[in-house]
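Numbers here simply count residues along the sequence, with the first being 1.
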Amino acid sequence: MLKKEKVGAINWGFVSGKTNTIFAWDTPLPNMKEPPLWFHDILRQDGTPFSKDEIKVIKELTGKTNR
């Protein structure tokens, strides 16, 4: 939708880290294990993506499919 309307956007969070933004704001953090679905952030600290499918969509939307 944003691309269609030519609206720029940013992602809050990029790499999972000390701000714990992989967790939803209202989620208790009993064991701090990686949740099955991340709230924010797209990469782990070692640079691997949380979701390869999400990275694929981002690349398609930005025209960066060859990278």
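- The cluster map of Ile, Leu, Val, Met, Phe, Trp and Tyr, joined by side-chain heavy atoms under 4.5 Å apart, puts Ile58 and Val7 in different clusters.
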Audit row: His40, Phe14, side chain to side chain contact (heavy atoms under 4.5 Å, CB included) steps and yes/no | CA-CA 7 Å; His40 290 291; Phe14 188 64; over 6 Å; no

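- Looking only at side-chain heavy atoms (C-beta outward), Glu54 and Trp38 stay at 4.5 Å or farther from each other.
- With contacts defined as side-chain heavy-atom distances shorter than 4.5 Å, the pair Pro35/Phe23 qualifies.
- Nearest heavy-atom pair, Glu60 versus Lys3, reported as atom, atom and distance to 0.1 Å: O-NZ, 4.0 Å.
- Asp46 and Thr48 are linked by a side-chain donor-acceptor pair at a separation below 3.5 angstrom, with hydrogens and angles left out of the test.
- At least one side-chain heavy atom of Met32 sits under 4.5 Å from a side-chain heavy atom of Asn20.
- Trp25 and Phe39 have perpendicular rings, their planes meeting at more than 60° on a 0 to 90° scale where under 30° would count as parallel.
- In the model, Thr21 has a side-chain atom that pairs as donor or acceptor with a side-chain atom of Asp41 under 3.5 Å.
- A heavy-atom distance below 4.5 Å is found between the side chains of Gln45 and Val15.
- Rounding to the nearest 0.5 Å gives a distance of 13.0 Å between CD1 of Ile22 and NZ of Lys33.
- Considering only heavy atoms from C-beta on, Pro49 stays 4.5 Å or farther from Ile42 through its side chain.
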